[in-house]
Amino acid sequence: MLTITISRMQSLITPTFLFSPMSTKATPLTSNLLYLASKSNLFSKTQNPISSLPLKPIMISLKPTDFRIQTRCVHSKSSRSTSSGEIHVIVGPMFSGKTTTLLRRVQAEINDGRNVAIIKSNKDDRYGLDSVVTHDGIKLPCCALPNLSSFRQKFGQDAYDQLDVIGIDEAQFFEDLYDFCHDVADHEGKTVIVAGLDGDYLRRSFGSVLNIIPLADSVTKLSARCEICGKRAFFTLRKTEETQTELIGGADVYMPVCRQHYVTGQVAVEAARMVLESQKFQCSSCV
Ligand SMILES: Nc1ncnc2c1ncn2[C@@H]1O[C@H](COP(=O)(O)OP(=O)(O)O)[C@@H](O)[C@H]1O
Ligand SMILES: Cc1cn([C@H]2C[C@H](O)[C@@H](COP(=O)(O)O)O2)c(=O)[nH]c1=O
Ligand SMILES: [Zn+2]
């Protein structure tokens with residue numbers, strides 16, 4: 001059962017069952033990692049909280065290979081640009097563990113001695129702009145940018161040339177995602193690990209995330225837990241009346257839901273939205 005709350009800019013739906021309470025505790029992995037994790041291995045495998053995180057179920061793995069690339073013995077720009085790059089895509093609804101999976105994979109690359117940088121969209125400023133942070137507070141430093149084409153200059157050409165792996169979070173917000181992944185993997189021999197929403201709150205394709213699937217070595221679709229019934233959740237329900245595609249928010253605005261509760265939830269939200277709309281046209285003395 002869904003409870004409808006009619007209140008502008010407020011959550012329209014209150015879940016009757018919260019599957020997974022959010023921890024408010026931030027767990028920084030390191031204090032001195034700035035964009036580039038060097039081969040000196042800043043993270044100890046034993047100290048890393050990412051490696052002990054529970055894995056979310058993987059629904060689709062088109063190419064179920066280990067994403068880790070073979071160790072390359074040379075790291076010069078020329079060898080990198082002639083070696084084969086890779087693209088790995090992680091999608092799913094909100095709260096499904098996309099960022100957690102991205103950070104875990106990035107950590108594995110660092111442990112293998114590769115140079116890694118993480119980029120996120122500067123549109124998502126929920127946790128500040130200097131870190132990628134999961135819903136349960138795990139974080140790694142990142143570079144927050146308006147677009148991916150500005151990354152090379154912002155990062156510095158020399159440092160960029162040393163990069164083996166680029167992680168991208170909130171990929172749905174990058175309009176130049178396709179061109180960037182294409183260039184970096186095909187022509188620069190780097191590995192790109194992309195995490196983002198495949199669908200928006202109306203289950204429409206979101207940004208360019210689905211466009212890069214034909215370019216990808218692997219695609220992993222994660223599921224969350226439906227906040228209403230606890231079953232696997234593949235969709236993100238927006239609980240508020242806003243209708244723009246891009247609306248930054250967390251559990252205050254969105255909830256992961258199964259198919260059944262997406263459909264009933266949408267009906268409830270739409271009904272609440274219509275009540276709010278009709279109230280807009282009422283004379284203030286009649287209300
Ligand atoms: N409704 C929820 N509200 C807040 N946190 C949640 C909720 N459901 C799950 N979580 C937590 O969020 C974690 C996943 O966070 P994250 O990796 O940031 O997901 P994503 O990037 O897919 O949004 C889960 O492991 C769980 O601990
Ligand atoms: C469904 C949906 C989401 N967003 C926003 C909300 C958040 O800021 C991010 C997704 O973050 P997460 O790491 O996947 O939890 O995207 C949006 O703008 N529009 C939508 O329809
Ligand atoms: Zn459900």
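Just so you know, ligand 1 is whichever comes first in the structure, and atom 1 is the first atom listed for that ligand.
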Identify, by atom number and element, the atoms of ligand 2 in contact range of [X], meaning under 4.0 Å from any of its heavy atoms.
X	value
Thr236	1 (C)
Ile248	8 (O)
Phe173	5 (C), 16 (O), 18 (O)
Glu246	18 (O)

Q: Tell me, please: is Arg126 in heavy-atom contact with ligand 2, that is, under 4.0 Å?
A: yes

Q | Close approach, Arg238 and ligand 2, non-hydrogen under 4.0 angstrom | A |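 Distance cut 4.0 Å: Arg238 passes for ligand 2.
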
Q. Same cluster or not: are Leu237 and Met274 linked, directly or through other Ile, Leu, Val, Met, Phe, Trp or Tyr residues, by side-chain heavy atoms under 4.5 angstrom apart?
A.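 Different clusters.
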
Q: Find out if a path of hydrophobic residues (ILVMFWY) with successive side-chain heavy-atom gaps under 4.5 Å connects Val267 to Ile228.
A: no

Q: For ligand 2, indicate whether the residue Asp124 contacts it via side chain, backbone, both or neither (heavy-atom separation under 4.0 Å).
A: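 Side chain only.
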
Q: Nearest heavy atom to atom 11 (C) of ligand 1 wins, so pick from Asp136, Ile138, Leu197, Thr100.
A: Asp136

Q. Hey, is Ala224 one of the residues with a heavy atom under 4.0 angstrom from ligand 1?
A.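 So Ala224 does not count as touching ligand 1.
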
(Q) When you measure from the heavy atoms of Ser96 to every atom of ligand 1, does any distance fall below 4.0 Å? (A)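 In this structure, Ser96 qualifies as a contact of ligand 1 - some heavy atom is under 4.0 Å.
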
Atoms of ligand 1 close to [X] [distance to a heavy atom under 4.0 angstrom, numbered from 1]:
X	result
Pro93	22 (O)
Ala251	3 (N)
Lys98	17 (O), 19 (O), 20 (P), 21 (O), 22 (O), 23 (O)

Taking [atom] as the reference point, the nearest protein heavy atom with its distance:
atom	value
atom 18 (O) of ligand 2	Leu247 N, 2.7 Å
atom 4 (N) of ligand 2	Tyr254 OH, 3.4 Å
atom 15 (O) of ligand 2	His135 NE2, 2.7 Å
atom 21 (O) of ligand 2	Tyr201 N, 2.8 Å
atom 14 (O) of ligand 2	Lys98 NZ, 2.9 Å
atom 7 (C) of ligand 2	Gly249 O, 3.3 Å
atom 13 (O) of ligand 2	Glu170 OE2, 2.7 Å

Q. When only distance counts, is Thr245 in polar contact with ligand 2, meaning an N/O pair under 3.5 Å?
A.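 For ligand 2, there is an N or O atom that lies under 3.5 Å from one belonging to Thr245.
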
Q) For the Zn ion (ligand 3), which protein N/O/S atoms are closer than 2.8 Å? A)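 Near the Zn ion (ligand 3), the protein supplies Cys226 SG, Cys229 SG, Cys258 SG, His261 ND1.
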
Are any of the side-chain heavy atoms of [X] and [Y] separated by less than 4.5 Å?
X	Y	value
Gln172	Asp200	no
Val165	Lys190	no
Ile90	Thr101	yes

Q) Does any N or O atom in Phe95 lie less than 3.5 angstrom from one in ligand 1, N or O only? A)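 Yes - when backbone and side-chain N and O of Phe95 are compared with those of ligand 1, one distance drops under 3.5 Å.
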
Q: Decide yes or no on side-chain hydrogen bond (donor to acceptor under 3.5 Å, both in side chains) for Ser121 and Asp124, but give the supporting numbers first.
A: CA-CA 6 Å; Ser121 166; Asp124 196 340; over 6 Å; no

**Q.** From CA spacing to verdict: side-chain hydrogen bond (donor to acceptor under 3.5 Å, both in side chains), Tyr201, Gln266
**A.** CA-CA 9 Å; Tyr201 75 105; Gln266 270 298 110; over 6 Å; no

Q. Quick one: CZ on Phe174 to CD1 on Ile212, what's the gap to the nearest 0.5 Å?
A. 11.5 Å

